[in-house]
Amino acid sequence: MTWEERWHPLREEWVVIAAHRQDRPWSGGTIVADEKVLPGYLSECYLCPGNKRVSGRSNLDYEQIFVFDNDHPSVAIDAPANVELDSIVYKSRPATGIARVVCYSPKHDLTLAELAPPEIESLLRVWQEQYTNLGSRPEIEHVLIFENKGEAVGVSNPHPHCQIYANNFVFKTIENEARISQAYFKERGRPIFQDIIAAEKADGRRIIAENDTAIAFLPYFARYAYEVFVAPKETHPSIAGLSAKEVTDFAEVLKTVLVKFDNLWKIPFPYVMPLHQAPTDGGNYDAFHFHIEFHPPLRKPNLLKYLAGPEIGGGNFLSDTSPEEKAAELIAMSPIHYKLEANG
Ligand SMILES: [Zn+2]
Ligand SMILES: [Zn+2]
């Protein structure tokens with residue numbers, strides 16, 4: 001039983017771990033994951049190769065990875081300028097930015113977990129290019145790359161894809177991590193993420209996968225039951241700094257985490273997966289350590305973690321699970337995807 005508060009050093013806030021509440025009675029609704037057998041190509045899918053999108057534009061007949069500008073962008077280079085406000089506290093400005101979609105594969109029925117390691121490597125290289133190219137534009141202060149996966153996080157189209165928001169501001173979580181990383185480095189002379197990796201290695205119970213240059217762990221301060229961080233061992237402010245060898249190693253560790261997630265309950269495991277990378281606003285972020293964070297919404301098969309009073313009302317997380325127990329569950333999972341085990 002874990003019942004304590006743990007400090008989240010990258011957010012500078014307390015997480016309440018109350019794992020003794022995990023088995024409290026639940027009479028509410030559950031999410032039913034009915035795994036449909038999907039076709040490899042779907043004529044109604046706006047992400048499948050050659051298909052027409054709502055905008056009238058057509059997808060290329062792509063064979064590997066396909067990047068295009070979002071037809072319904074939240075930000076755009078030509079976003080309208082609003083009328084001038086006459087107010088002391090209220091401000092407004094154009095929603096300037098670039099929103100893109102990256103299709104991982106032409107195959108409608110695949111997920112990131114099922115891509116072969118070289119295909120994941122190609123995707124990492126596309127993310128490197130996108131971060132570098134979008135981040136070098138003067139109007140772009142940050143490039144947020146993320147994948148929302150599964151109906152539990154509101155995604156209705158299973159075609160494997162992620163999104164890119166290149167914005168004229170830095171998202172709050174990144175702004176905080178960047179500030180905390182630089183302050184910690186100034187004070188102690190080491191990147192904070194290096195000390196987090198060292199603490200995880202010293203404990204050892206929460207490491208999910210590791211090779212020469214990459215590591216995945218369920219952090220001591222996890223807010224979500226199956227929260228996992230994937231990071232290179234060396235500090236690079238963005239994915240663009242990874243060498244070819246580091247890309248290969250990172251793809252291998254990422255793949256292992258994704259497969260273990262799917263194997264937990266033998267369903268395509270839903271998550272929100274952001275890449276945390278340094279802002280591109282010209283500041284000094286040499287102590288920022290690029291990493292991927294997985295925020296899975298389920299805490300049990302078919303049971304959502306609801307964000308309520310503590311999280312929405314108060315701004316701090318209350319976790320009903322023990323990070324050590326959840327890490328042990330993931331560590332115990334096979335690194336071979338259940339769909340392949342079934343076929344083989
Ligand atoms: Zn599709
Ligand atoms: Zn982060």
Side-chain angles (χ1 to χ4, degrees), residues 7-13 15 36-54 58-68 71 101-112 114-115 131 142-147 149-150 155-163 170-184 191-197 200 215-224 227-232 235-239 250 254 257 268 271-279 285 287-296 317:
W7 181 246
H8 192 314
L10 290 171
R11 299 177 64 89
E12 294 188 335
E13 67 190 28
V15 180
K36 307 154 195 113
V37 178
L38 297 167
Y41 166 81
L42 190 64
S43 57
E44 308 87 86
C45 172
Y46 60 89
L47 298 175
C48 276
N51 289 357
K52 198 167 256 189
R53 304 199 300 270
V54 206
S58 292
N59 295 329
L60 295 180
D61 213 2
Y62 66 100
E63 287 175 0
Q64 287 168 352
I65 295 172
F66 174 52
V67 185
F68 66 92
D71 295 322
V101 177
V102 181
C103 294
Y104 298 161
S105 163
K107 297 208 186 74
H108 185 78
D109 59 343
L110 286 184
T111 63
L112 186 53
E114 295 164 85
L115 295 188
Y131 176 86
H142 178 248
V143 181
L144 184 72
I145 302 176
F146 63 95
E147 179 186 349
K149 181 182 165 208
V155 180
S156 50
N157 190 341
H159 195 112
H161 70 286
C162 71
Q163 298 187 60
V170 182
F171 275 88
K172 200 70 201 173
T173 303
I174 303 301
E175 186 188 291
N176 286 342
E177 278 192 11
R179 176 182 50 76
I180 290 163
S181 300
Q182 293 308 116
Y184 190 97
I192 187 168
F193 212 94
Q194 288 296 345
D195 282 355
I196 291 173
I197 292 175
E200 290 298 336
I215 188 165
F217 56 90
L218 195 152
Y220 169 77
F221 48 80
R223 297 184 302 156
Y224 293 86
E227 182 169 332
V228 171
F229 285 20
V230 183
T235 297
H236 298 290
S238 78
I239 193 171
F250 194 93
L254 182 62
V257 170
Y271 55 70
V272 173
M273 180 196 77
L275 276 68
H276 281 186
Q277 311 195 72
Y285 301 108
F288 193 101
H289 191 117
F290 155 67
H291 57 283
I292 286 182
E293 294 190 7
F294 283 96
H295 301 286
F317 260 63

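As the structure lists them, so they are numbered: ligands from 1, and atoms in each ligand from 1.
The name of the N, O or S atom in H276 nearest to the Zn ion (ligand 2) is ND1. For E177, the N, O or S atom closest to the Zn ion (ligand 2) goes by the atom name OE2. Per residue E293, closest N, O or S atom to the Zn ion (ligand 2): atom name OE2.
Contact check for H236 versus H289: no side-chain heavy atoms found under the 4.5 Å cut-off. Taking the side chain as every heavy atom from C-beta outward, Q64 and F66 never approach each other to under 4.5 Å. Annotation: side chain of I292 is not in contact with side chain of H276 (no heavy-atom distance under 4.5 Å). Within the 4.5 Å cutoff, the side chain of W7 has no heavy atoms near those of the Y220 side chain.
Shown here are the protein N/O/S atoms lying under 2.8 Å from the Zn ion (ligand 1), water excluded: C45 SG, C48 SG, H108 ND1, H159 ND1.
For Y41 and N51, the side-chain atoms include at least one donor-acceptor pair closer than 3.5 Å. Counted by atom type alone, H161 and Q163 present zero donor-acceptor pairs between their side chains at under 3.5 Å.
Taking a cutoff of 4.0 Å between a charged side-chain nitrogen and a carboxylate oxygen, E13 and R11 qualify as a salt bridge.
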